[in-house]
Amino acid sequence: MLLHRRTLLTGAAALAVAPEAVAQGIGAAGTAAPGGIAQPAAPPAGGAGLVGHDAPPQAAPGSALEVLRLWPGTPPGGGGPNPEGPRFDESREGVVTGVAEPCLLVMRPAKPTGSAMVIAAGGGYRRIDLGHEAVPVGLWLNGLGVTAFALVYRLPGEGWAAGADAPIQDALRAVRLARARARRYGYEPNRIGVMGFSAGGHLMGSASTRFASPLYRPVDEDDALSARPDVAALIYPVITLKPPFDRTSSRRVLVGDSPTRVATDAYSVETHVPPESPPTFLAQAADDPIAVVDNSLLMFSALRAVEVPVEMHLFERGGHGFNLGVPGSPAAAWPGLFATWARRRGFIRA
């Protein structure tokens with residue numbers, strides 16, 4: 001069952017925690033998850049949640065989060081689902097499709113420490129697994145004092161004229177918008193990172209390497225700001241679309257079943273890594289059957305080749321889509337390793 005999000009109102013602040021988040025120990029009471037990972041102590045600031053008939057549907061993860069529109073009008077190129085309908089459709093499990101209006105869903109920490117992260121969940125560019133990845137991870141980041149923005153990006157197969165560039169345009173605009181709203185949300189404009197999972201890792205890998213590309217014409221003063229993230233975290237990412245590592249939904253959606261070499265090069269992240277790329281954190285399981293571990297290895301090598309600081313963690317087990325990690329599994333170590341890395345770089349401050 002899909003829940004139409006016609007009732008989402010900017011400024012609503014109550015949080016609906018996804019079942020996957022609860023499984024990881026993320027709750028409204030501010031308890032710590034297994035392994036001692038700090039969790040949010042209270043719902044984000046910004047006003048009381050709505051109640052009664054005006055309330056958003058609470059069954060969908062993040063359904064009451066504040067909405068920040070990416071574009072002041074029609075997204076670049078136009079097209080897409082019916083603009084008179086809901087912003088997007090979301091299942092009770094937090095699976096998003098039918099994105100008519102790309103946006104950021106805001107998760108504000110009780111005690112902000114001056115940094116922000118734009119999060120892109122995966123889904124093979126066919127859907128966005130908001131409830132499985134973006135919402136629980138955003139709440140975990142809130143516990144570290146990081147303001148989190150879950151990116152609801154355009155899906156190329158939903159009729160957008162910009163095609164495969166549409167989600168990348170949204171990611172670049174999201175970083176610029178986060179930078180433009182730094183004072184409003186209480187963080188520093190030079191401490192804005194991106195974090196992506198699976199296909200969202202491909203998207204945020206593209207954002208962290210193609211930030212200087214003129215992929216759309218400026219639409220307002222916010223586009224005068226830099227789209228370069230200050231750090232990037234790519235978790236079990238899809239990086240390359242080239243054979244023999246091209247058996248992913250991301251490759252099929254972005255460049256088709258029989259792509260040219262030019263097309264695969266254009267959308268393979270490792271081919272676009274400039275020396276100005278942000279410091280990058282990589283995490284992946286060696287037994288990942290979907291985005292095989294070679295994706296992280298290729299990105300690590302490309303970043304090293306241009307002397308960009310990079311840290312990579314490969315885990316023996318974990319498969320694909322492990323999110324914050326099953327407690328007790330090797331991959332469950334990545335959140336703590338990321339937090340240590342981010343503190344060492346000054347991105348997260350106590």
Side-chain angles (χ1 to χ4, degrees), residues 1-10 12 16 18 56-57 59-107 118-135 137-138 148-178 194-204 206-207 215-216 219 227 238 248-250 252-254 267:
M1 176 180 178
L2 292 179
L3 300 177
H4 293 302
R5 300 173 64 98
R6 298 177 188 274
T7 53
L8 270 173
L9 299 176
T10 300
S63 59
L65 297 174
E66 178 183 351
V67 179
L68 187 61
R69 293 179 59 191
L70 278 186
W71 306 97
T74 302
N82 181 8
E84 300 302 319
R87 286 190 175 96
F88 54 88
D89 294 326
E90 183 179 5
S91 75
R92 292 183 181 276
E93 293 74 32
V95 176
V96 168
T97 55
V99 180
E101 185 179 286
C103 57
L104 292 168
L105 304 181
V106 187
M107 289 170 272
V118 180
I119 307 166
Y125 285 110
R126 298 181 187 275
R127 65 184 188 276
I128 304 170
D129 291 335
L130 194 72
H132 178 61
E133 290 165 340
V135 171
V137 170
F149 297 94
L151 175 60
V152 178
Y153 51 91
R154 284 173 288 164
L155 299 170
E158 293 187 339
W160 295 101
D165 282 344
I168 306 175
Q169 291 171 344
D170 290 345
L172 298 181
R173 172 72 179 179
V175 174
R176 290 183 170 116
L177 199 62
V194 295
M195 180 178 287
F197 299 81
S198 191
H202 178 275
L203 179 56
M204 289 319 198
S206 298
L215 291 182
Y216 66 90
V219 297
V238 175
T248 61
S249 172
S250 297
R252 290 189 291 273
V253 171
L254 293 176
Y267 292 99

Subject >> Set of side-chain contact (heavy atoms from CB on, under 4.5 Å) partners for A227, sequence neighbours left out >> reply: L172, R176, F211
Original post:
Does R127 have any salt bridge (Lys or Arg N to Asp or Glu O under 4.0 Å) partners at least two apart in sequence or in another chain, and if so, which?
Top reply: D129
Original post:
When rounded to the nearest 0.5 angstrom, what is the spacing between CG in L130 and CD1 in I119?
Top reply: 9.5 Å
**OP:** Could I get the full list of side chain to side chain donor-acceptor pair (under 3.5 Å) partners for S198, not counting sequence neighbours?
**Re:** H320
**OP:** Calculate, to the nearest 0.5 Å, the distance between atoms CG and CG belonging to L177 and L104 respectively.
**Re:** 6.0 Å
Subject >> Exam field: side chain S91 to backbone V95, donor-acceptor pair closer than 3.5 Å >> reply: yes
**OP:** Enter the distance from C103:SG to W71:CH2 here, rounded to the nearest 0.5 Å.
**Re:** 13.0 Å
Output a table of donor-acceptor pairs, distance under 3.5 Å, between side-chain atoms of residues 151-165 and any protein atom two or more places apart or on a different chain; print 'none' if there are none.
{"unit_1": "Y153", "atom_1": "OH", "unit_2": "A121", "atom_2": "O", "d": "2.7"}
{"unit_1": "R154", "atom_1": "NE", "unit_2": "D170", "atom_2": "OD1", "d": "3.1"}
{"unit_1": "R154", "atom_1": "NE", "unit_2": "D170", "atom_2": "OD2", "d": "3.1"}
{"unit_1": "R154", "atom_1": "NH1", "unit_2": "P76", "atom_2": "O", "d": "3.3"}
{"unit_1": "R154", "atom_1": "NH2", "unit_2": "A166", "atom_2": "O", "d": "3.2"}
{"unit_1": "R154", "atom_1": "NH2", "unit_2": "Q169", "atom_2": "OE1", "d": "2.9"}
{"unit_1": "R154", "atom_1": "NH2", "unit_2": "D170", "atom_2": "OD1", "d": "2.9"}
{"unit_1": "E158", "atom_1": "OE1", "unit_2": "G98", "atom_2": "N", "d": "3.4"}
{"unit_1": "E158", "atom_1": "OE1", "unit_2": "V99", "atom_2": "N", "d": "2.9"}
{"unit_1": "E158", "atom_1": "OE2", "unit_2": "G98", "atom_2": "N", "d": "2.7"}
{"unit_1": "D165", "atom_1": "OD1", "unit_2": "Y267", "atom_2": "OH", "d": "2.8"}

Original post:
By side-chain contact (heavy atoms from CB on, under 4.5 Å), which residues pair with R69, not counting sequence neighbours?
Top reply: E101
Original post:
Using the benzene-type ring in the case of Trp, are the ring centres of H202 and Y125 under 6.0 Å apart?
Top reply: yes
**OP:** Apply salt bridge (Lys or Arg N to Asp or Glu O under 4.0 Å) to R173 and list each qualifying residue two or more places apart in sequence or on a separate chain.
**Re:** D220, D223
**OP:** List the atom of A171, the atom of M204, and the distance in Å for their closest heavy-atom pair.
**Re:** CB-SD, 4.3 Å
Original post:
Out of curiosity, I168 CD1 to L254 CG, how far, rounded to the nearest 0.5 Å?
Top reply: 7.0 Å
